[in-house]
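Values reported hereafter were calculated over all heavy atoms of this structure, with side chains retained and with hydrogens, waters and symmetry mates removed. Note that the coordinates shown come from a computational prediction; the quantities given were computed from them, not determined experimentally.
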Amino acid sequence: MTGLDPDNWDDLRRLGHRMIDDMVDRLATLRGGPVWRPMPDTVRDALHDTLPSGPTSPDILYERFQALIAPYATGNTHPGFMGWVHGGGTGVGMLAELLAGGLNANCGGRDHAPVEIERAVIGWAARIMGFPDDATGLLVTGSSMANMIAVVTASRAARDGLALRRQGVGGRKLVGYAAATAHGCIARAFDLTGLGTDALRVLPVDSEHRMDLAALRAAIAADRTAGLEPFIVIGTAGTVDTGAIDDLDTIAEIAAGEGLWFHVDGAFGALAMLSPTRRPALLGLERADSVAFDFHKWAQVPYDAGCILVRTPGRQAAAFAQSLAYLSREDRGLAGNAPWFCDLGPDLSRGFRALKVWMTLGTYGTDRMGLMVDECCAVAQHLARRVDREPLLERLAPVGLNIVCFRVCVPGVDLDWLNGELVKDLHESGVAAPSTTMVDGVRAIRAAIVNHRTVAADVDAMVDALLRLLADRLETLAK
C-alpha cells in the first residue's frame, strides 16, 4: 500500500458527516452547557500518549476528541465567555475551515484562486478602514504579527531603508512612541526586530486612558534634541484593558507634522468601523500609514485571522521582498501572478485564511456586522448600568466600546485578592468567564462583550452568580 488515502472513501464521508452534525449540534446547544470546565488530571494525562508507531482508526480518534478535547475547550464560543477579547466564531466560518483544509492551498504566492480571494479580502478590509483601494496587506496569525510587520515596514520606510535591511538596526538610533495602555505585542515587536524595548517611548495616559498628546510632543522634541531618530507613533483603537480609543486624528496631525509613520493597533476596536454609530470615535484611523486588526475578534471569523494594511503601495514589498532563483516569477503558468504575498511579510508558507473571512463577510454583510458591533456595545452599557446600581460593585473605567471594568467592594478585605478569587470562582462555576486586569493600580474584573451570542441576560447572569459567590466567600471568611 502506498499513499495515505483511505481504502474506502465512503467510510471517511460517513465520519465527516458525523463530525459536522456533532459540531453543528454543539453550536446550537451551547447556552445549555457550562462556559468552561476544569480539565481533570486523568484527561490531561490521557492526551499525552506515546508517539504512535502504528495506525489508529479515525473513528477511534474522533471518539477521543469527543471525550477528551471538545468538553474542555476555551469556551469562547459560549455566550457567557467575556474574558480577554475572543470572538465567538460562526457555523459558516467552521465550514469554511473544512473547505480550506480540503484545498490545502499555500497562499505564499503563485497563480491560483485562493490568492485572489485573499486579495479580494484585503480590498474589502481597505474599504472598511477607509484606506485607498490600492492599499496593500495580508492575513496573518493575529495582531501580534500584524503589529510586528508594521514596525518593520515603518523602520524600512525611514531614511536609508534599504541600507537598514542590509546592515541591521545596530547603527541607527530609531525610536517610537506608544501609550502605556498599548498592547504588550508592541514592545515585543521592538524587542524581536532588534530595535530593543528601550527604543519604545511609553507615554502616560489621561483620565480617559488615552495617550497624553502633550507628552507625545515633548518626547519627540526631547529625542530629536538628543540626536535620536523618531520614526513611528502607534495609536490604539480599543485598548486591551478598558477599550479606550486614542485621539487618532490629532495623533495623525502630529505624525504628519513630524514626518513619522502613523500606525494604529486596532486589534479589536478597528472593526467598530463597521458600525456607523461607532465609526466617528475612530476619526483619524483612515489617515494612518498602517493598521493592524483581527478578523477573529469582532468579525467573528474562526481563529486565526489577523490582518495588516499598509496605505502606500510598495512599502511592504520594500521591507520584505526577496529575489530568489527558486521563487522566480514568470509571465504565465503557475509561477505567475506577481506580486506574491510572501513579498509582504515574513512567511513563505501561508494557509488559506482568506476563505473563512470571505465567507463570513459574504454571508452576513457589513451592515449586519455593524449591527452586531452595536449590539455588543449595548450589552456592555447594560452591564455598566447594572454595576452602577449594585451597592457592592464599583465601575473602574468609562465604557467607550464593549469592555466593562469593575470590582467587588467590601470593607475589611484585600480587594485585589478577593476579586481575583471571585473570577476564578466564576470560571469554575461554568456560568461566565470574564478576565482580570489592573486599572489605575487596582485589580478589576474585566468583561469584554465580543461574542455575537452574548445578550443582556448573560451579563445579568454573570453579576447574579458573582454576588452569590461573594456571599459564599464572605460567609466562609466570617467563620
Polar side-chain atom of R350 near backbone of C107 as donor-acceptor pair, under 3.5 Å:
yes
Is there a donor-acceptor contact under 3.5 Å linking the side chains of T74 and W36?
no
Using the rule side-chain contact (heavy atoms from CB on, under 4.5 Å), only one of D347, L344, I149 pairs with F320; which is it?
I149
Close side-chain approach of W124 and V357, heavy atoms under 4.5 Å
no
With H296 via ring-ring contact (aromatic ring centres under 6.0 Å, His included) - residues at least two apart
Y303
Could you check whether any side-chain heavy atom of V450 comes within less than 4.5 Å of a side-chain heavy atom of F81, counting everything from C-beta outward?
no
Any side-chain heavy-atom pair of F231 and L195 under 4.5 Å:
yes
Residue pair V410 / L474, side-chain heavy-atom distance below 4.5 Å:
yes
Determine whether M372 and Q300 make a side-chain contact, defined as any pair of heavy atoms from C-beta on separated by less than 4.5 Å.
yes
Can you tell me if S290 and H263 form a side-chain donor-acceptor pair at under 3.5 Å?
yes
Is it true that a side-chain atom of R210 and a backbone atom of S207 form a donor plus acceptor pair closer than 3.5 Å?
no
Are side-chain heavy atoms of T153 and D289 found at a separation under 4.5 Å?
no
Any heavy-atom pair between the side chains of V439 and R446 that's under 4.5 Å?
no
Could you walk me through whether R287 and E253 satisfy the salt bridge (Lys or Arg N to Asp or Glu O under 4.0 Å) test, starting with their C-alpha distance in whole Å, then the side-chain angles of each, then the deciding distance to 0.1 Å, before giving a yes or no?
CA-CA 9 Å; R287 301 173 63 185; E253 288 289 341; 3.0 Å; yes
Ignoring hydrogens and angles, state whether a donor on the side chain of D191 or T197 is under 3.5 Å from an acceptor on the partner side chain.
no
Rounded to the nearest 0.5 Å, what separates atom NZ in K424 from atom CG in N419?
11.5 Å
Under a 3.5 Å distance rule, please check whether Q316 uses its side chain to pair with a backbone N or O of G137 as donor and acceptor.
yes
Using a 3.5 Å distance criterion without hydrogens, assess whether the side chain of H78 forms a donor-acceptor pair with backbone atoms of G33.
yes
Please check: side-chain N/O of H427 versus main-chain N/O of P434, any donor-acceptor pairing under 3.5 Å?
yes
In a check of side-chain contact (heavy atoms from CB on, under 4.5 Å) between D374 and each of T277, N402, L274, which one passes?
T277
Out of R224, K173, R172, which residue meets the salt bridge (Lys or Arg N to Asp or Glu O under 4.0 Å) rule with E229?
R172
Are more than 12 heavy atoms, taken from residues, nucleotides or ligands other than R31, located less than 6.0 Å from that residue's CZ atom?
yes
Hey, are the side chains of L200 and I186 touching, using non-hydrogen atoms and a 4.5 Å cut-off?
yes
Can you tell me if D294 and S143 form a side-chain donor-acceptor pair at under 3.5 Å?
yes
